[in-house]
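Start at 1 and go down the list; that is how both ligands and their atoms are numbered.
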Amino acid sequence: MTRLVTFADGTTVPALGQGTWELGDDPAWRDEEQQALARGIDLGMTLIDTAELYGDGRSERLVGEVIAGRRDEVFLVSKVRPENASEMKMMLACEKSLERLGVERLDLYLLHWEGNVPLEETVEAFRDLVDEGMIARWGVSNLDLRAMEQLMEIEGGEDCAANQLLYNLASRGVEFDLFPWMQARDMPMMAYSPLGRGELLEQPLIRDIANRHSASPAQVALAAVLRHDGVIAIPKASSVEHVEANADALEIQFDLEDLERLDEAFQAPNHAVPLDII
Ligand code: NAP
């Protein structure tokens with residue numbers, strides 16, 4: 001089953017994409033990781049998330065090898081390190097990412113987190129890259145509600161296409177205020193670590209609900225994240241087996257009892273909480 005998420009500019013992407021943190025780090029796993037990512041593209045998980053930070057460029061290189069010859073099939077997301085998010089440095093950082101990825105343009109370029117460069121300057125640098133045709137659109141990651149409101153005050157800030165945030169069953173703080181604020185602006189949330197880095201998969205309740213649906217814990221964790229409109233989940237999987245399982249996550253239809261049990265065990269806060277970050 002394919003579910004789409006629409007950006008404010010009307011561009012659609014699959015709700016289920018692929019993360020790549022730590023992919024490409026170990027040469028012994030390279031072939032398997034490439035096969036996994038390629039299988040994910042075959043199965044429609046065509047949004048791929050990477051970053052210049054990951055393995056100091058190794059993740060981008062691995063992605064580049066996988067998408068060689070099939071650039072048009074993927075929606076490519078990468079991230080700039082905060083220290084490179086200035087007018088002086090961003091263009092070179094982006095050029096290097098494009099080179100490692102073997103592409104001429106990114107579909108989405110994110111500020112990885114807010115550092116010392118003023119957001120005004122980062123927005124200017126993003127706009128230059130759009131003008132140069134090096135990126136189609138830009139967004140942010142790990143920005144809390146206060147920072148997002150500040151961003152909207154900046155000229156051009158309203159062009160921010162997405163905010164990539166830690167979001168999974170064990171980390172639901174954004175449901176209280178930040179995510180509704182984003183939904184009101186047609187700004188998708190890219191949910192990172194949707195499997196809790198694998199830790200959620202050991203939770204007895206998640207395993208129990210998975211058994212009820214003849215599904216796997218990873219599928220339950222992903223389906224729980226994807227039940228909300230405007231969420232793009234980017235699980236990282238290093239094997240074809242894991243990718244194939246994840247691709248079927250949207251087949252799960254939770255009933256009321258499942259949802260009540262999940263919400264009781266993994267409660268969303270009823271007040272504002274600081275943003276969770278990895
Ligand atoms: P994650 O996707 O929540 O979990 C990855 C773990 O789950 C890996 O150990 C993986 O094992 C395992 N897994 C995946 N599919 C599985 C399946 N079907 N069955 C069993 N285990 C499965 O963690 P993440 O990598 O932290 O987050 C996903 C992506 O979000 C990252 O790769 C990155 O692209 C992005 N991210 C962004 C930020 C940010 O600051 N913006 C921070 C963190 C992550 P295998 O590898 O063995 O398959």
Visitor: Heavy atoms under 4.0 Å from ligand 1: which residues qualify?
Guide: Gly19, Thr20, Trp21, Asp49, Tyr54, Lys79, His112, Ser141, Asn142, Gln164, Tyr192, Ser193, Pro194, Leu195, Gly196, Arg197, Gly198, Leu201, Ala218, Ile234, Pro235, Lys236, Ala237, Ser238, His242, Ala245, Asn246

Visitor: Please name the pair of heavy atoms, one in Ile154 and one in Glu120, separated by the smallest distance, quoted to 0.1 Å.
Guide: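 Closest pair (atom of Ile154, atom of Glu120, distance): CD1-N, 3.6 Å.
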
Visitor: Indicate the atoms forming the closest heavy-atom contact of Met45 with Val243, along with that distance.
Guide: SD-O, 4.1 Å

Visitor: Parallel, tilted or perpendicular: which describes the rings of Phe75 and Phe7, with under 30° parallel and over 60° perpendicular?
Guide: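 Taking Phe7 first and then Phe75, their aromatic rings lie parallel (interplane angle under 30°).
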
Visitor: With a 4.0 Å cut-off on N to O distance, would you call Arg212 and Asp258 a salt bridge?
Guide: yes

Visitor: Angle class for the Tyr167/His228 ring planes (parallel below 30°, perpendicular above 60°, tilted otherwise)?
Guide: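 Tyr167 and His228: tilted rings.
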
Visitor: Around atom CH2 of Trp29, are there more than 12 heavy atoms from other residues, nucleotides or ligands closer than 6.0 Å?
Guide: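 Result for CH2/Trp29: open.
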
